[in-house]
Amino acid sequence: LDPLHRCVPGSTIGILGGGQLGRMLSMAAAQLGLRTLVYDPQRHGPGFDVATEHMTGRYDDEERLAEFAARVSVVTYEFENVPAETASFLAARRPVRPGPRALAVSQDRLAEKAFFREHGCPVGPFAPVESPDDIRAAIADLGLPAVLKTRRLGYDGKGQAVLRQPDDVDAAWAAIGARSNTTVSAILEAFVPFTTEISVLIARDLDGATAVYDVTENVHREGILRQSSVPAGVTLPVMEVAQGVARSIAGALDYVGVLGVEFFVVGDRVLVNEIAPRVHNSGHWTVDACACSQFENHIRAVAGWPLGPATRHSDATMTNLIGDDWLNWPEILAERGACLHLYGKGQARPGRKMGHVIRLT
Ligand SMILES: Nc1ncnc2c1ncn2[C@@H]1O[C@H](COP(=O)(O)OP(=O)(O)O)[C@@H](O)[C@H]1O
Ligand SMILES: [Mg+2]
């Protein structure tokens with residue numbers, strides 16, 4: 001490692017999290033002659049099957065974490081809920097990329113929205129709430145419908161409830177797992193009557209150079225991403241605004257790696273929804289439709305290498321295979337232009353992402 005901690009081929013990238021994103025990051029690293037060591041509290045995982053090596057350990061087990069750090073050149077992660085203490089413990093030993101600021105901002109929906117506002121990024125109306133009474137007060141301001149979300153640990157629409165009428169307050173409070181007389185750190189957002197949801201994947205390297213992928217149009221069902229397609233069905237100015245916002249967020253965080261930024265499009269307005277300091281489900285199409293995928297660019301960035309082009313050579317649609325959807329794998333294999341990706345997960349549960357298919361058009 002040089003003073004900037006640029007890796008050489010043969011170096012080991014440490015990846016926290018052994019899910020499908022860790023798996024696809026490991027595949028990209030392998031292509032570049034880099035080794036991976038995946039760390040996860042679970043004994044099995046899609047990432048373990050593919051990484052060069054893997055370790056099971058808790059995120060608060062300092063002995064295991066120290067061993068992990070000693071075996072890698074740099075540390076990255078596949079999910080944003082890496083505990084802050086874990087990240088700082090590792091950062092004292094090896095470079096952690098993306099850095100702790102990106103984690104702190106993306107772990108807390110309130111900090112995240114406040115960060116967007118501070119940096120001039122357009123966001124919808126929101127208010128912090130800690131009790132049903134706070135919600136009632138916030139509704140007076142934000143109106144209905146509104147979306148109640150826990151500040152921390154939500155994903156795939158979990159930890160969220162939509163309020164349509166004033167009577168929904170208590171049910172929504174219960175739906176996010178809160179008891180009536182306890183305080184919970186939550187956020188109430190005005191429901192955004194979006195026409196489209198889009199996202200931007202941006203890669204930023206150690207020297208601040210960026211590669212921005214084409215804007216992706218996303219369809220969610222029950223809070224879970226179902227389909228992403230490029231090109232997005234939005235106007236060029238909307239695309240340019242979204243890509244500009246993604247650039248300024250990455251710059252403000254002095255970000256290294258791939259960052260996902262989700263947006264709501266309301267007519268010709270663009271509102272930031274949330275960021276993910278990692279490779280993102282809505283960027284999976286870059287594997288089959290770009291010369292250099294989001295996974296490769298993330299690995300390049302965290303290794304301290306220059307980025308590859310984010311240029312797209314095909315139109316593409318990515319469909320998640322959720323729950324039993326993956327059982328159609330023989331038909332998908334027989335389909336022309338369909339690229340099947342399965343994660344090797346044993347058990348399909350409702351809502352569980354088992355794989356995805358990218359259809360090039
Ligand atoms: N304020 C909102 N207005 C309208 N729809 C929303 C709002 N917040 C979330 N949603 C819907 O729920 C999905 C998941 O919410 P999101 O905040 O992205 O959480 P996560 O992806 O972490 O579960 C969004 O992509 C969108 O479809
Ligand atoms: Mg989201």
Side-chain angles (χ1 to χ4, degrees), residues 16-17 41 58-62 77 79-89 91 98-119 121-194 197 220 222-225 249 252-253 260-264 271-278 351:
L16 298 171
R58 293 195 319 268
Y59 288 124
D60 62 357
D61 184 339
E62 297 198 339
Y77 40 88
F79 77 123
E80 58 272 39
N81 291 317
V82 172
E85 305 74 49
T86 309
S88 57
F89 181 87
R101 184 85 202 284
L103 270 181
V105 167
S106 57
Q107 280 179 356
D108 179 346
R109 292 189 193 277
L110 185 62
E112 191 176 38
K113 293 251 149 56
F115 173 87
F116 296 151
R117 263 194 190 160
E118 244 168 66
H119 291 87
C121 306
V123 282
F126 65 90
V129 292
E130 299 197 332
S131 68
D133 282 342
D134 284 356
I135 300 177
R136 282 181 261 273
I139 285 174
D141 249 13
L142 304 178
L144 286 171
V147 187
L148 179 66
K149 302 180 183 178
T150 54
R151 275 171 61 178
R152 291 182 174 274
L153 299 173
Y155 72 98
D156 282 351
K158 293 186 175 60
Q160 298 192 15
V162 179
L163 292 87
R164 303 194 180 277
Q165 46 208 33
D167 284 354
D168 290 345
V169 172
D170 292 315
W173 192 244
I176 65 162
R179 272 180 288 152
S180 54
N181 50 3
T182 53
T183 61
V184 166
S185 298
I187 180 171
L188 191 74
E189 298 177 10
F191 187 90
V192 178
F194 58 79
E197 286 189 272
H220 294 82
E222 287 148 10
I224 307 178
L225 181 67
I249 293 173
L253 292 170
V261 187
E262 298 178 18
F263 300 88
F264 299 124
L271 302 173
V272 194
N273 173 25
E274 62 171 355
I275 58 171
R278 53 169 169 81

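Along the sequence shown, residues are numbered consecutively beginning with 1.
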### Query
How far apart are the C-alpha atoms of Gln160 and Arg109, what are their side-chain angles, what is the distance that settles it, and do they pass the side-chain contact (heavy atoms from CB on, under 4.5 Å) test?
CA-CA 12 Å; Gln160 298 192 15; Arg109 292 189 193 277; 3.8 Å; yes
To check you understand the geometry: which heavy-atom pair defines the closest contact between [X] and [Y], and what is its length?
| X | Y | answer |
| --- | --- | --- |
| Ser185 | Glu130 | OG-OE2, 3.9 Å |
| Ile249 | Cys121 | CG1-SG, 3.9 Å |
| Val123 | Arg117 | CG2-CG, 3.7 Å |

Close side-chain approach of [X] and [Y], heavy atoms under 4.5 Å:
| X | Y | answer |
| --- | --- | --- |
| Leu253 | Pro98 | no |
| Asn81 | Gln107 | yes |
| Asn273 | Phe263 | no |

Rounded distance (nearest 0.5 Å) linking atom [atom1] of [X] with atom [atom2] of [Y]:
| X | Y | atom1 | atom2 | result |
| --- | --- | --- | --- | --- |
| Asp60 | Arg58 | CG | CZ | 4.5 Å |
| Thr183 | Asp133 | OG1 | CG | 12.5 Å |
| Glu112 | Glu80 | CD | CD | 8.5 Å |
| Leu163 | Phe191 | CG | CZ | 11.5 Å |
| Thr150 | Asp108 | OG1 | CG | 10.0 Å |
| Leu271 | Glu262 | CG | CD | 13.5 Å |

### Message
The test is side-chain contact (heavy atoms from CB on, under 4.5 Å); show your working for Leu188 and Leu148 and say whether it passes.
### Response
CA-CA 5 Å; Leu188 191 74; Leu148 179 66; 4.0 Å; yes
#### Entry: Worked verdict on Lys149 versus Phe126 for side-chain contact (heavy atoms from CB on, under 4.5 Å)
CA-CA 11 Å; Lys149 302 180 183 178; Phe126 65 90; over 6 Å; no
### Message
Around atom CD of Glu222, are there more than 12 heavy atoms from other residues, nucleotides or ligands closer than 6.0 Å?
### Response
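12 or below, so no.
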### Query
Is it the case that Lys158 places NZ or CZ above or below the six-membered ring of Tyr155, under 6.0 angstrom from the centre and within 45 degrees of the axis?
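Satisfied, under 6.0 Å and within 45°.
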### Message
If you apply the rule side-chain contact (heavy atoms from CB on, under 4.5 Å), what do you find for Tyr77 with Leu103, and how did you get there?
### Response
CA-CA 10 Å; Tyr77 40 88; Leu103 270 181; 3.5 Å; yes
### Message
Students often mix this up, so state it plainly: with edges at 30° and 60°, are the rings of Phe264 and Phe194 parallel, tilted or perpendicular?
### Response
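Aromatic pair Phe264/Phe194 classed parallel.
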### Task
In plain terms, say whether Glu189 and Lys113 are close enough for a salt bridge, that is, a side-chain N and a carboxylate O under 4.0 Å apart.
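Looking at Glu189 and Lys113, the cut-off is met.
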